[in-house]
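For the single chain, residues carry numbers from 1 onward in sequence order. The model shown is predicted, which means the values in this text are computed figures rather than measured ones.
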Amino acid sequence: MSFSVIAYEVKPASRKNFPGGDNIIQGWELAKILDRYDVSGESTIWDVKEVYERFCEDLEENKDALLEDLKEEGVTLDDLYRIRDFLKVCAEHDYILGTWG
């Protein structure tokens, strides 16, 4: 058996899959959310499903604490639901996330 590498073509996700018709989501609160739920700490998030599930769990069980942690970003509950919906599409379609600031 040998070591193998395969080349992949990475391209943006289809916009039509997202509720707002856009495959980009913005806001500094996202950096805090991704830091909180992504254990890899890299600029590419490979396991969006895990991030989505952990975020949803906190949103359901600790919504007030989550809002308190993000209050300096001016985050509302609607913002958290918008982020949840975006991550849901990514998790359902096995998309990865690439970040930049």
Side-chain angles (χ1 to χ4, degrees):
M1 188 144 183
S2 68
F3 179 78
S4 301
V5 174
I6 186 169
Y8 285 95
E9 178 181 342
V10 178
K11 59 184 179 180
S14 174
R15 291 178 177 198
K16 69 179 181 181
N17 292 329
F18 292 88
D22 198 356
N23 60 1
I24 296 174
I25 188 169
Q26 298 176 327
W28 284 110
E29 69 275 9
L30 293 165
K32 287 187 175 184
I33 288 170
L34 295 177
D35 280 348
R36 183 178 185 141
Y37 301 107
D38 177 46
V39 294
S40 71
E42 298 177 7
S43 62
T44 300
I45 298 170
W46 300 95
D47 194 353
V48 178
K49 186 174 183 180
E50 180 182 345
V51 171
Y52 168 71
E53 289 172 352
R54 293 179 66 206
F55 177 66
C56 285
E57 184 178 309
D58 243 10
L59 190 55
E60 188 175 306
E61 297 174 7
N62 303 309
K63 161 177 39 192
D64 293 333
L66 188 55
L67 282 168
E68 179 66 24
D69 287 348
L70 298 169
K71 72 179 179 185
E72 51 182 67
E73 304 301 329
V75 172
T76 66
L77 194 54
D78 286 341
D79 292 327
L80 296 180
Y81 290 144
R82 176 180 56 88
I83 293 165
R84 178 204 58 197
D85 294 347
F86 184 87
L87 292 175
K88 179 181 181 191
V89 171
C90 294
E92 287 175 345
H93 291 88
D94 293 322
Y95 295 150
I96 63 172
L97 297 176
T99 64
W100 68 95

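- Other residues, nucleotides and ligands contribute at most 12 non-hydrogen atoms within 6.0 Å of the CD atom of Q26.
- Contacts of E68 classified as side chain to side chain donor-acceptor pair (under 3.5 Å), with partners at least two apart in sequence or in another chain: K71.
- For E60, the side chain to side chain donor-acceptor pair (under 3.5 Å) criterion is met by no residue, not counting sequence neighbours.
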Listing, residues 75-91 side-chain donor-acceptor contacts under 3.5 Å, not counting sequence neighbours, or none:
residue : atom : partner : partner atom : Å
T76     : OG1  : D78     : N            : 3.4
T76     : OG1  : D79     : N            : 3.2
T76     : OG1  : D79     : OD2          : 3.2
D79     : OD2  : T76     : N            : 2.9
R82     : NH2  : E29     : OE2          : 3.3

Under 3.5 Å, side-chain donor or acceptor atoms of residues 47-54 against the rest of the protein: list the pairs with distances, not counting sequence neighbours.
residue : atom : partner : partner atom : Å
D47     : OD1  : E50     : N            : 3.2
R54     : NH1  : Y37     : O            : 2.7

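- The salt bridge (charged side-chain N to carboxylate O under 4.0 Å, His left out) search around E73 returns K32, not counting sequence neighbours.
- Summarising the geometry, atom CG belonging to D64 is positioned 11.0 Å from atom CG belonging to D69; distances are rounded to the nearest 0.5 Å.
- Counted by atom type alone, Y95 and N23 present zero donor-acceptor pairs between their side chains at under 3.5 Å.
- Scored by the salt bridge (charged side-chain N to carboxylate O under 4.0 Å, His left out) test, D58 finds R36 as partners (sequence neighbours excluded).
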